[in-house]
Participant: 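One structure, as C-alpha cells, below. Some questions next.
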Amino acid sequence: MIFTTAVLLYVQVTASGGLASDRLHIRAADCVSGTPVVAILTKTACPTPTDAAGRTVPSCSEKRSQGYYCYDSGFCCDKLGACFGCQGSQCQTKTVETTTTSFDPSCATTTTLTRGTPLPSVMPPIQANQNPVIYKGCVSKDMWALTFDDGPSPNIPPLLELLKSQNIKATFFVNGKNYADLETNEADKTNLKAIYDAGHQVASHTYQHADMATLQDDALWQQIYLNDKAVYSVIGVSPRHFRFPFLSHNARADDALTTWGFKIIDISVDTLDYEHVNTTDQASFFSLNDQSWKSTFVQANSQVSLNHDFVPLIVPYITSFIAEIKSLGYRFVRVDECIGDTKPYN
C-alpha cells in the first residue's frame with residue numbers, strides 16, 4: 001500500500017480477538033519506508049497475567065519471539081510491547097509517549113489503517129420524501145466516468161494493468177457475494193484491495209445483487225449493511241456511492257439510500273456487455289457493445305458508462321473503448337470527481 005501524504009493517521013493493531021484498544025499515531029509514509037517515527041501510544045498497564053489455572057502467561061516479548069501477538073488467556077500484545085484486552089479491574093489505562101527508532105515497516109500489511117467508519121448493524125430509520133438526486137452525468141461536459149459493476153471478478157488484474165497503462169482511474173461498483181465472495185475468497189479480497197490501492201474508486205452495489213425495488217425495509221438494509229461490512233473488512237473504508245442492481249429502484253429504495261448517506265449513481269450510456277457475454281467472436285462482441293452505448297450517446301454531454309468486469313472479453317473491449325472515447329475529446333474520471341463529491345468514503 002503506497003501513501004504519498006505525510007498526514008498523521010490512526011494505526012490500530014489487529015489481533016485475533018478483534019481491534020486493539022491501543023491507538024498508535026504514525027505517518028503512513030514512514031510506516032511503508034521504515035523511517036524512524038515518534039509513536040504516541042496509549043498503553044494498558046497490566047499485572048503479570050495468569051490463565052484460568054493460575055499459571056503465569058508468557059510475556060509480550062516471549063510471545064512475539066514465538067510469532068504470537070496474543071496471550072492464550074486473552075491478553076494481547078502490540079508490536080511495541082503494550083498489552084491490551086485486559087478485562088475489568090485487572091488493568092488501568094495510562095497514556096505514555098514513546099519514541100522508537102525501529103518501528104516495524106511491515107505494519108503496512110499487519111495493521112489496519114483505520115480511515116473510515118463502517119455502517120452500524122442496526123438499520124437507521126428511513127426518512128420519507130427525500131427527493132434524492134440521481135446522478136447520470138458529470139459537472140463538466142468533457143468528463144467520462146468509466147464504471148464496472150458486479151465484481152471484483154478474476155479479470156481484475158489484467159484490467160487494472162490496462163487502466164494503469166492508460167493512466168485512467170475508474171469506479172468499481174462491487175458486490176460482497178456475486179461474482180466474488182469478499183468474505184471467504186482470498187483472491188477476491190486481493191483483487192478488491194488492488195482496485196483500491198491503485199487509486200480507483202470502490203462503490204457499493206448491494207451484497208447479493210438484489211433487486212432493491214422488490215425488497216422491504218429490513219431486507220434493503222441487509223443488502224447495504226452486509227456489503228459495507230464485507231468491503232470495509234478488506235479496504236478499511238465505507239463507500240458512500242451506490243448503484244442499484246439492474247438499475248431497478250423505487251421511491252422507498254431511493255429514500256432509504258439517501259437517508260443512509262449514499263449518493264445514487266445511474267448511467268447515461270450502457271454497453272450491455274452482460275447481454276453479449278456468450279458472444280465469443282471478438283469482432284461481433286465489440287460491434288454489439290458499440291451499437292448499444294452509441295444508441296443513447298449525446299456527444300454534447302458528459303457521460304457515465306456501464307461495463308461489467310466479469311465479461312470474458314472485457315479487457316480487449318475496454319482497450320478499444322478507451323481509444324474511441326479519447327478520440328472524442330473526453331477525459332476519464334472517477335465518479336466522485338465526475339459529480340464533484342470530495343467524500344466518496346466514510
Side-chain angles (χ1 to χ4, degrees), residues 130-151 153 159 162-163 166-175 195 199-206 209 211-213 239-251 253-254 257-258 262-277 285-311 313-315 317-344:
Q130 292 291 299
N131 298 314
V133 175
I134 309 295
Y135 294 91
K136 297 184 178 183
C138 306
V139 296
S140 178
K141 290 183 178 181
D142 68 338
M143 290 180 170
W144 190 296
L146 180 65
T147 73
F148 299 89
D149 283 11
D150 297 1
S153 74
L159 182 55
L162 168 63
L163 295 174
Q166 296 291 321
N167 195 29
I168 290 172
K169 301 303 181 187
T171 301
F172 293 80
F173 289 84
V174 303
N175 304 118
I195 292 169
H200 302 288
Q201 184 180 347
V202 176
S204 179
H205 197 44
T206 74
H209 204 268
D211 185 344
M212 300 287 269
R240 283 299 178 265
H241 289 178
F242 175 83
R243 176 176 287 154
F244 286 105
F246 314 106
L247 303 177
S248 175
H249 53 109
N250 56 21
D254 292 346
L257 270 296
T258 304
F262 288 87
K263 287 183 167 59
I264 301 170
I265 311 301
D266 208 310
I267 65 172
S268 59
V269 294
D270 189 351
T271 63
L272 296 179
D273 54 1
Y274 64 95
E275 291 188 357
H276 314 140
V277 69
F285 180 76
F286 283 24
S287 177
L288 289 170
N289 290 350
D290 288 344
Q291 290 175 35
S292 297
W293 73 261
K294 290 177 181 179
S295 68
T296 59
F297 172 65
V298 178
Q299 187 167 355
N301 298 336
S302 61
Q303 306 292 334
V304 180
S305 61
L306 174 58
N307 290 280
H308 296 79
D309 59 77
F310 68 82
V311 174
L313 292 173
I314 191 62
V315 174
Y317 176 69
I318 290 298
T319 304
S320 171
F321 182 78
I322 287 172
E324 180 161 7
I325 302 311
K326 284 185 174 180
S327 73
L328 295 173
Y330 286 95
R331 59 188 178 95
F332 288 99
V333 296
R334 299 187 344 171
V335 164
D336 56 345
E337 183 178 354
C338 164
I339 68 172
D341 183 18
T342 60
K343 192 178 181 184

Participant: Asp273: which residues meet the salt bridge (Lys or Arg N to Asp or Glu O under 4.0 Å) condition with it, sequence neighbours left out?
Facilitator: none

Participant: Quick one, Leu306 and Val269 - any side-chain contact, counting heavy atoms below 4.5 Å?
Facilitator: no

Participant: If you measure from CD1 on Ile314 to CG on Asn307, what distance do you get to the nearest 0.5 Å?
Facilitator: 4.5 Å

Participant: Mark yes or no for whether Thr171, through its side chain, and Ala203, through its backbone, hold a donor-acceptor pair below 3.5 Å.
Facilitator: no

Participant: With sequence neighbours left out, what residues match Ser302 under side-chain hydrogen bond (donor to acceptor under 3.5 Å, both in side chains)?
Facilitator: none

Participant: CD1/Ile264 to CD1/Ile134 distance, rounded to the nearest 0.5 angstrom?
Facilitator: 4.0 Å

Participant: Holding to side-chain contact (heavy atoms from CB on, under 4.5 Å), I want the full list of residues that pass it with Leu288, two or more places apart in sequence or in another chain.
Facilitator: His276, Thr279

Participant: So, using ring pair (Phe, Tyr, Trp, His ring centres under 6.0 Å) as the criterion, who are the partners of Phe246 when residues are at least two apart?
Facilitator: His209

Participant: I would like to know whether Ser295 and Gln291 meet side chain to side chain donor-acceptor pair (under 3.5 Å); could you show each step before the answer?
Facilitator: CA-CA 6 Å; Ser295 68; Gln291 290 175 35; over 6 Å; no

Participant: I need the single residue from Trp293, Phe297, Phe285 that forms a ring pair (Phe, Tyr, Trp, His ring centres under 6.0 Å) with Phe321. Which is it?
Facilitator: Trp293

Participant: Under 4.0 Å between a side-chain nitrogen and a carboxylate oxygen: does that hold for Arg243 and Asp149?
Facilitator: yes

Participant: Answer yes or no: is there a side-chain heavy-atom contact under 4.5 Å between Gln299 and Lys141?
Facilitator: no

Participant: Can you sort out the partners of Asp290 under salt bridge (Lys or Arg N to Asp or Glu O under 4.0 Å), two or more places apart, ordered by chain and number?
Facilitator: none

Participant: Are Val333 and Lys169 packed together at the side-chain level, in the sense that at least one heavy-atom pair is separated by less than 4.5 angstrom?
Facilitator: no

Participant: Apply the test side-chain contact (heavy atoms from CB on, under 4.5 Å) to residues Gln201 and Ile195: give CA-CA distance (whole Å), side-chain angles for both, the deciding distance (0.1 Å), then the verdict.
Facilitator: CA-CA 7 Å; Gln201 184 180 347; Ile195 292 169; over 6 Å; no

Participant: Show the numbers, then the answer: is there a side-chain contact (heavy atoms from CB on, under 4.5 Å) between Asp336 and Thr342?
Facilitator: CA-CA 7 Å; Asp336 56 345; Thr342 60; over 6 Å; no

Participant: Is the backbone N or O of Asp309 less than 3.5 Å from a side-chain atom of Ser153, with the two atoms forming a donor-acceptor pair by type?
Facilitator: yes

Participant: State, yes or no, whether a side-chain contact exists between Met143 and Glu337 at a heavy-atom distance under 4.5 Å.
Facilitator: yes

Participant: Listed by chain and number, what are the ring pair (Phe, Tyr, Trp, His ring centres under 6.0 Å) partners of Phe310, not counting sequence neighbours?
Facilitator: Tyr179, His308

Participant: Please enumerate all residues that pass side-chain hydrogen bond (donor to acceptor under 3.5 Å, both in side chains) together with Ser292, with sequence neighbours excluded.
Facilitator: none

Participant: Going by heavy atoms in the side chains, are Tyr135 and Lys263 under 4.5 Å from each other?
Facilitator: yes

Participant: Going by the rule side-chain hydrogen bond (donor to acceptor under 3.5 Å, both in side chains), which residues pair with Ser320 if we only count those two or more places apart in sequence or in a different chain?
Facilitator: none

Participant: Gln166: what forms a side-chain hydrogen bond (donor to acceptor under 3.5 Å, both in side chains) with it, not counting sequence neighbours?
Facilitator: Lys326

Participant: My understanding is that only residues two or more places apart in sequence, or in another chain, count here; which of them pass side-chain contact (heavy atoms from CB on, under 4.5 Å) with Ser204?
Facilitator: Asn227, Phe242, Phe262

Participant: With a 4.5 Å limit on heavy-atom distance, are the side chains of Ile265 and Ile339 in contact?
Facilitator: yes

Participant: Among all residues two or more places apart in sequence or in another chain, which pass the ring pair (Phe, Tyr, Trp, His ring centres under 6.0 Å) test with Phe172?
Facilitator: Phe148, His200

Participant: Which one of Val174, Asn175, Thr147 satisfies the side-chain contact (heavy atoms from CB on, under 4.5 Å) criterion with His205?
Facilitator: Asn175

Participant: By ring pair (Phe, Tyr, Trp, His ring centres under 6.0 Å), which residues pair with Phe286, not counting sequence neighbours?
Facilitator: Tyr317

